[in-house]
Amino acid sequence: MGRFFSSVQIKSNGSREQFLKAFCDLMIKRGLATCSEDEASVSYILAFSESGKWVTLTCEAYRDDTNRVKTDARQTAAEMKTSSFGMEVVDSDFALLQLYKNSSAADTVIVGDGTGYGFDDDDSRKGKRECWEELLASGKTWEQLSEIWNKDEVFVEDALYEAASVLGIESKYMVSDYDDLNGIADKDTNVVPMFFKKKITV
């Protein structure tokens with residue numbers, strides 16, 4: 001049986017401290033405040049790639065609400081004035097990547113075989129060069145990314161793992177869900193759990 005999981009990959013334009021502050025500011029706009037794990041109504045984990053260029057965002061709620069993935073991808077891109085993409089892996093067969101730049105949806109990519117789930121197998125879902133080229137790691141090319149996305153892998157995670165290095169994302173984070181990252185949070189200093197609760201207004 002394949003894996004089902006979702007995450008958001010966010011392009012970072014500053015330091016870790018700046019990113020964490022911007023993320024907390026976004027949560028405040030949603031009516032949430034930071035809190036302890038015991039008080040939390042929403043739990044996120046942020047994993048900072050060694051490149052310093054990307055942050056992987058996972059949420060406990062993504063398992064039951066894939067719309068939250070799209071919302072988080074769109075809002076982080078808009079509020080942080082950056083690019084981000086939501087990634088939904090379906091049964092290890094394919095991944096749906098939805099890219100946002102600032103407040104606009106920019107591109108949708110299907111990696112793997114989504115034909116059994118109602119997606120046409122055509123070139124329109126294989127990525128627009130102009131949308132992704134500026135997000136690549138130094139020295140990497142669109143041709144490299146496109147070739148990986150078009151590979152016929154048994155498990156789509158293998159293609160995502162390989163594509164991560166072309167983008168500058170930590171490969172192990174790219175194929176991790178909330179539970180995976182939660183399991184290494186106590187020994188990986190690049191993995192930061194964050195907990196939020198609804199603000200009480202008086």
Side-chain angles (χ1 to χ4, degrees), residues 4-35 37 39-49 51-90 95-111 125 127-128 130-132 134-136 160 163-164 167-170 173-182 185 190-201:
F4 293 81
F5 67 93
S6 301
S7 65
V8 178
Q9 310 295 329
I10 307 163
K11 186 78 169 174
S12 177
N13 294 323
S15 67
R16 181 183 300 201
E17 291 72 24
Q18 289 169 325
F19 188 94
L20 289 171
K21 182 183 183 305
F23 186 74
C24 286
D25 289 345
L26 171 59
M27 293 297 111
I28 289 169
K29 287 183 179 180
R30 290 182 177 180
L32 298 169
T34 56
C35 65
E37 184 174 2
E39 299 174 290
S41 57
V42 181
S43 302
Y44 282 98
I45 296 180
L46 293 80
F48 291 80
S49 291
S51 67
K53 302 295 186 185
W54 289 90
V55 181
T56 299
L57 179 69
T58 64
C59 179
E60 202 169 17
Y62 287 172
R63 279 181 288 234
D64 303 314
D65 185 4
T66 54
N67 283 327
R68 187 185 285 250
V69 180
K70 298 171 193 169
T71 299
D72 284 349
R74 185 180 68 251
Q75 289 188 353
T76 52
E79 291 294 328
M80 299 182 185
K81 296 179 171 51
T82 188
S83 297
S84 68
F85 61 93
M87 188 180 78
E88 183 183 349
V89 174
V90 179
L96 177 66
L97 279 56
Q98 295 182 290
L99 175 66
Y100 296 87
K101 294 198 172 192
N102 295 317
S103 58
S104 303
D107 196 21
T108 300
V109 177
I110 299 285
V111 182
R125 297 285 191 175
K128 299 173 186 170
E130 65 272 19
C131 292
W132 294 91
E134 66 184 37
L135 302 178
L136 301 177
L160 297 174
L167 289 162
I169 300 171
E170 203 76 26
Y173 298 156
M174 183 81 156
V175 295
S176 293
D177 63 10
Y178 182 89
D179 289 337
D180 294 330
L181 292 178
N182 195 39
N190 290 323
V191 175
V192 181
M194 298 195 77
F195 307 104
F196 299 92
K197 63 181 179 180
K198 284 187 167 57
K199 284 193 295 186
I200 298 171
T201 53

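Atom set for the values below is all heavy atoms of this structure, side chains included, hydrogens, waters and symmetry mates excluded.
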How many angstroms lie between atom [atom1] of [X] and atom [atom2] of [Y], to the nearest 0.5 angstrom?
X	Y	atom1	atom2	result
Met87	Leu97	CE	CG	6.5 Å
Lys197	Ser43	NZ	OG	13.0 Å
Leu20	Thr34	CG	OG1	11.5 Å
Trp132	Phe85	CH2	CZ	5.0 Å

Do you know which two heavy atoms are closest between [X] and [Y], and how far apart they sit?
X	Y	answer
Ala33	Lys199	CB-CG, 3.5 Å
Pro193	Ala185	CG-CB, 3.9 Å
Val42	Arg68	CG1-NH1, 3.9 Å
Gly168	Ser49	O-CB, 3.9 Å
Cys24	Met194	SG-CE, 3.3 Å
Leu26	Thr76	CD2-CG2, 3.7 Å

Could you check whether any side-chain N or O of [X] sits under 3.5 Å from a backbone N or O of [Y], counting only pairs where one atom can act as donor and the other as acceptor?
X	Y	result
Asn102	Ser104	no
Ser6	Glu88	no
Lys198	Ser41	no

Under the ring pair (Phe, Tyr, Trp, His ring centres under 6.0 Å) rule, collect the residues that match up with [X], sequence neighbours excluded.
X	answer
Phe5	none
Phe19	Phe48
Tyr100	none

Starting from the C-alpha separation in whole Å, work towards a yes-or-no answer on salt bridge (charged side-chain N to carboxylate O under 4.0 Å, His left out) for Glu79 and Arg30.
CA-CA 12 Å; Glu79 291 294 328; Arg30 290 182 177 180; over 6 Å; no

Can you check side chain to side chain contact (heavy atoms under 4.5 Å, CB included) on Arg16 and Val192, steps first, answer last?
CA-CA 10 Å; Arg16 181 183 300 201; Val192 181; 4.2 Å; yes

Please determine whether salt bridge (charged side-chain N to carboxylate O under 4.0 Å, His left out) holds for the pair Asp177 and Arg63, giving the CA-CA distance in whole Å, both sets of side-chain angles, and the decisive distance to 0.1 Å.
CA-CA 9 Å; Asp177 63 10; Arg63 279 181 288 234; 5.9 Å; no

Between side-chain atoms of residues 54-62 and protein atoms elsewhere (two or more places apart, or another chain), which donor-acceptor pairs fall under 3.5 Å?
from  : atom 1 : to     : atom 2 : distance (Å)
Trp54 : NE1    : Leu167 : O      : 2.8
Thr56 : OG1    : Gln9   : OE1    : 2.7
Tyr62 : OH     : Asp72  : OD2    : 2.6

For Thr82, all residues meeting side-chain contact (heavy atoms from CB on, under 4.5 Å), sequence neighbours excluded
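Scan of Thr82 (side-chain contact (heavy atoms from CB on, under 4.5 Å), adjacent residues dropped) gives Ile10, Lys11, Asn13, Met80.
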
Counterpart residues, side-chain hydrogen bond (donor to acceptor under 3.5 Å, both in side chains), relative to Glu37 (two or more places apart):
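Per chain and number, Glu37 pairs via side-chain hydrogen bond (donor to acceptor under 3.5 Å, both in side chains) with no residue.
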
Are Lys29 and Asp25 close enough for a salt bridge, meaning some N to O gap below 4.0 Å?
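Result for this pair is no, no salt bridge flagged.
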
